[in-house]
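Down below is the structure, laid out as structure tokens.
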Amino acid sequence: MRTDHWKSSTNVSLYDRVVERQRLARVMAWLLWGARLRSWYRELDDLGSMAASKSVLDVPCGGGVAFRGLRASVGPRYVAADLSSVMLDRARTEAARRGLTHIEFAQADVAHLPYPDETFDLCVSYNGLHCFPDPPSAVAEMARVLRAGGELIGTAIVLGAGRRQDAVIAKNRELGIFGRVGTGAEVRSWLGAAGFGDLRFRHSGAMLFFRATRNGSAGFH
């Protein structure tokens, strides 16, 4: 469940070139969103220790931006999932470049993840929520495949940071790059409705950094 924009190798390559280059990404994030990314890159660098004893779902994995902190022997299971075959090809290349041979790759729609309930301990979802046509359904699926007490960590672009940022969001939606974009309050409500608690939010311009824990009684069907 992602827009057609991400099926284009040109568009994907441009996105990856920016996000993989920390200095360039930090400049672009500041210009476009008024966001500071230094702490996000530190979080990515720390992911290896976080994932050392956990089964992890990375969705959408994109070109493998979260791989930068992983170790060759990390964790019992790491699944990188994305709807875009172009993104997955780039993620496979990035994993090979880093010597990460343990990663499983899956072409999957985040609205219908091909995993049983309570499969994973940790879900990371960086820069994807605002690209989905139906973010509440995506969040609900992430909750479904997480075990009770499992954690969701991610980032999203949100409305309400300012006129300039909202105008950029509107243009990205017009171009088919973004899907449904919510406010921070809406993201909080989506997470709560999906069965997440202990919600921790941090705003930096139009970028929302979030962490949440899957409650023990989410009521899945």
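All figures in this text were calculated on a predicted structure; none of them were measured in a lab.
Placement of Val168 and Trp30 in two distinct hydrophobic clusters is found when ILVMFWY residues are connected by side-chain heavy-atom separations under 4.5 Å, directly or transitively.
When the salt bridge (Lys or Arg N to Asp or Glu O under 4.0 Å) test is applied to Arg147, the partners found at least two apart in sequence or on another chain are Asp121. Under the side chain to side chain contact (heavy atoms under 4.5 Å, CB included) criterion, Arg202 pairs with Ser39, Ser204, Phe209, sequence neighbours left out. Scored by the ring-ring contact (aromatic ring centres under 6.0 Å, His included) test, Phe196 finds no partners at all (sequence neighbours excluded). Evaluation of the salt bridge (Lys or Arg N to Asp or Glu O under 4.0 Å) rule for Asp166 yields no partner, not counting sequence neighbours. Taking Leu31 as the reference, Val27 meet the side chain to side chain contact (heavy atoms under 4.5 Å, CB included) condition, with sequence neighbours excluded.
Checked against Glu94 for a salt bridge (charged side-chain N to carboxylate O under 4.0 Å, His left out), the options Arg90, Arg92, Arg98 give a single hit: Arg98.
The shortest heavy-atom contact between Ala25 and Tyr41 is CB-OH, 3.1 Å. The minimum heavy-atom distance between Cys61 and Asp82, with the atom names listed, is N-OD2, 3.5 Å.
The salt bridge (charged side-chain N to carboxylate O under 4.0 Å, His left out) pairs that include a residue from residues 38-66 are Asp45-Arg68, where partners are two or more places apart or lie in different chains.
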### Task
Could you walk me through whether Arg188 and Phe201 pass the side chain to side chain contact (heavy atoms under 4.5 Å, CB included) test, one step at a time?
CA-CA 8 Å; Arg188 183 179 293 274; Phe201 280 16; 3.6 Å; yes
### Evaluation steps, salt bridge (charged side-chain N to carboxylate O under 4.0 Å, His left out), between Glu118 and Arg214
CA-CA 10 Å; Glu118 303 189 41; Arg214 210 276 258 171; 3.4 Å; yes
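Using a 30° and 60° split on the angle between ring planes, Phe105 and Phe67 fall in the perpendicular class, above 60°.
Listed for the Thr155 side chain is a donor-acceptor partner under 3.5 Å among the backbone atoms of Asn127.
Between Glu104 and Arg77, at least one side-chain N (NZ, or NE/NH1/NH2) sits under 4.0 Å from a carboxylate O, which counts as a salt bridge.
Counting non-hydrogen atoms of neighbouring residues, nucleotides and ligands closer than 6.0 angstrom, the CZ atom of Arg164 exceeds 12 such neighbours.
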